[in-house]
Amino acid sequence: MHYQPIVDLTDGPDGAQVSRRPWAVEALVRWRHPDLGTIPASQFVPLAESTGLVVEMGGFVLREACAQARRLARRRGRARPRAAVREPVGRRDRRPRAARPGGRALREHGLQPGHHARDHRGRACSPSPPSPPPPCRRCATSAASLAIDDFGTGHSSLSRLLEIPASTLKVDQSFSRGLPTRRDAAAIVSSVLLLGHNLRRTVVVEGVEDALTLETLHRLGATHVQGYHLARPQTAVDLAATWH
Ligand code: G
Ligand code: G
């Protein structure tokens, strides 16, 4: 597993200063193959989805993320850590919750679940589910919180805001690309920030690759950001070394 921090821009002493302390970290799976080297998730995750292995993979990801969240929370003196993982919308483990590896992981580590709902643009996703997918209804009645990923692209559309009781929106990284030179990209991002904040959601802008983009986002009112300029996805060991 690799972990990529999300940074809270309002965390600095003067509100403008970027604190390196993560607000959250996103868990991303990697496959280190003995012969083929590192296989990108973009290649094996769709395969895992089409074969159903994504259920086992999801259990592994959740167990790892839970163990890691607990370790990091201990360093920070937090009693109730949260674990955020990705779940492709559209395919589900139909076993009862207690029998699923994820449920066991949460119990074992005494964690609050924080599900990171991923809305895939990919083929494995069922085409535009007409009503809230079952896991979202389930999560809405439990202690879990949801985030909508890649907001603004593919199936991750405005109507999702009505369907998914998410506390967090992650604005797709394609919108950061245009900043700060494209006025239309800036207008879209500032409108989405306003929309999300009016709905009392946390809005995370993804894909911040340089200082100018970060500055522009701060000016537009972004509070939470993620991207290579702030921190790359990294191993748990590297993350722990910079975690304070
Ligand atoms: O981290 P990377 O750029 O390799 O990820 C590419 C894509 O792989 C992501 O956008 C996402 O679709 C998927 N992915 C990465 N980690 C996970 C994971 O833990 N679970 C699931 N379901 N998908 C993931
Ligand atoms: O958009 P999504 O959450 O699916 O993207 C996840 C992937 O994007 C991760 O695998 C991560 O490696 C990659 N990623 C994270 N931050 C950046 C960034 O600033 N620039 C680019 N190009 N990719 C990023």
Side-chain angles (χ1 to χ4, degrees), residues 1-7 18 22 24-33 36-69 83-93 101-102 105 113-126 133 135 146-156 166 168-180 189 192 203-214 216-217 222 224-236 238-239:
M1 297 301 300
H2 276 196
Y3 300 90
Q4 186 179 26
I6 296 170
V7 168
V18 175
V25 291
E26 178 178 2
L28 296 155
V29 71
R30 299 283 183 259
W31 184 3
R32 290 222 190 89
H33 192 280
L36 303 173
T38 302
I39 303 174
S42 52
Q43 280 181 27
F44 71 83
V45 169
L47 212 62
E49 281 170 349
S50 66
T51 58
L53 273 173
V54 74
V55 171
E56 288 308 311
M57 192 195 85
F60 165 80
V61 166
L62 189 57
R63 278 193 304 279
E64 286 291 310
C66 286
Q68 199 51 42
V85 297
R86 291 161 171 268
E87 287 220 26
V89 171
R91 183 184 268 279
R92 276 314 125 200
D93 188 344
H115 280 194
H116 181 161
R118 169 159 182 93
D119 211 340
H120 267 283
R121 289 148 285 181
R123 306 145 298 278
C125 187
S126 58
L146 291 162
I148 300 177
D149 203 6
D150 301 338
F151 185 72
T153 62
H155 291 154
S156 216
T168 304
L169 296 183
K170 294 192 75 198
V171 181
D172 188 69
Q173 43 181 284
S174 57
F175 296 104
S176 300
R177 297 278 169 275
L179 296 172
V189 170
V192 172
V203 184
V204 177
V205 184
E206 301 177 327
V208 179
E209 290 187 350
D210 53 67
L212 200 53
T213 303
L214 181 62
T216 309
L217 281 169
H224 294 79
V225 288
Q226 184 181 29
Y228 291 167
H229 178 63
L230 299 144
R232 289 189 171 253
Q234 53 200 275
T235 61
D238 289 343
L239 182 69

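Whatever order the structure lists them in is the order used to number ligands and atoms, beginning at 1. The chain is numbered in sequence order, starting from 1. Because the structure is a prediction, the values reported are computed rather than measured. Only this structure's heavy atoms are used, side chains among them; waters, hydrogens and symmetry mates stay out.
Listed by number with element, the atoms of ligand 2 under 4.0 Å from a non-hydrogen atom of Gly207 are 18 (C), 19 (O). Residue-ligand proximity, Met57 to ligand 1, at heavy-atom distances under 4.0 Å covers atoms 20 (N), 21 (C). Short contacts between ligand 1 and Val61, defined as distances under 4.0 Å to a heavy atom of the residue, involve ligand atoms 19 (O). Atoms of ligand 2 lying under 4.0 Å from any heavy atom of Arg177, numbered from 1 in the order shown and given with element: 20 (N), 21 (C), 22 (N). Near Asp149, meaning under 4.0 Å from any of its heavy atoms, are these atoms of ligand 2: 3 (O). When each atom of ligand 2 is checked for a heavy atom of Pro233 under 4.0 Å away, the hits are 11 (C), 12 (O). Ligand-side atoms of ligand 2 in range of Gly227: 16 (N), 19 (O), range being under 4.0 angstrom from any heavy atom.
For Phe175, the ring pair (Phe, Tyr, Trp, His ring centres under 6.0 Å) criterion is met by no residue, not counting sequence neighbours. Here Arg232 pairs with nothing under the salt bridge (charged side-chain N to carboxylate O under 4.0 Å, His left out) rule; sequence neighbours left out.
Close to ligand 1: Arg30, with a non-hydrogen atom less than 4.0 angstrom away.
Of the options His2, Glu209, His229, Glu26, the smallest heavy-atom separation from atom 21 (C) of ligand 2 is shown by Glu209. In this comparison of Pro40, Ala27, Ser42, the heavy atom closest to atom 7 (C) of ligand 1 sits on Ser42.
The main-chain N or O of Glu206 is found under 3.5 Å from a side-chain atom of Ser176 such that the two form a donor-acceptor pair.
Rounded to the nearest 0.5 angstrom, Ile6 CD1 and Thr168 OG1 are separated by 8.0 Å.
Of all the heavy atoms of Leu28, the ones lying under 4.0 Å from any atom of ligand 1 are found in both the backbone and the side chain. No part of Gln226 comes within 4.0 Å of ligand 2, judged by heavy-atom distances. With a 4.0 Å cut-off on non-hydrogen atoms, Gln4 touches ligand 2 through its side chain and not its backbone. Under 4.0 angstrom from ligand 1, there are no non-hydrogen atoms of Glu49.
For Leu169 against Phe151, the heavy-atom pair with the smallest separation is CD2-CD1, 4.1 Å. The shortest non-hydrogen separation linking Leu239 to Tyr3 is CD2-CB, 3.7 Å. Pairing each heavy atom of Val192 with each of Val203, the nearest pair is O-CG2, 4.4 Å. Residue Gln226 comes nearest to Glu26 through the heavy atom pair NE2-OE1, 2.8 Å, listed as atom of the first residue, atom of the second, then distance. A pairwise comparison of heavy atoms in Val29 and Met57 identifies CG1-CE, 4.0 Å as the closest pair. Shown here for Met1 and Phe60, the closest heavy-atom pair between the two residues is SD-CE2, 4.0 Å.
For Val29, a nitrogen or oxygen atom sits less than 3.5 Å from a nitrogen or oxygen atom of ligand 1, counting backbone and side chain alike.
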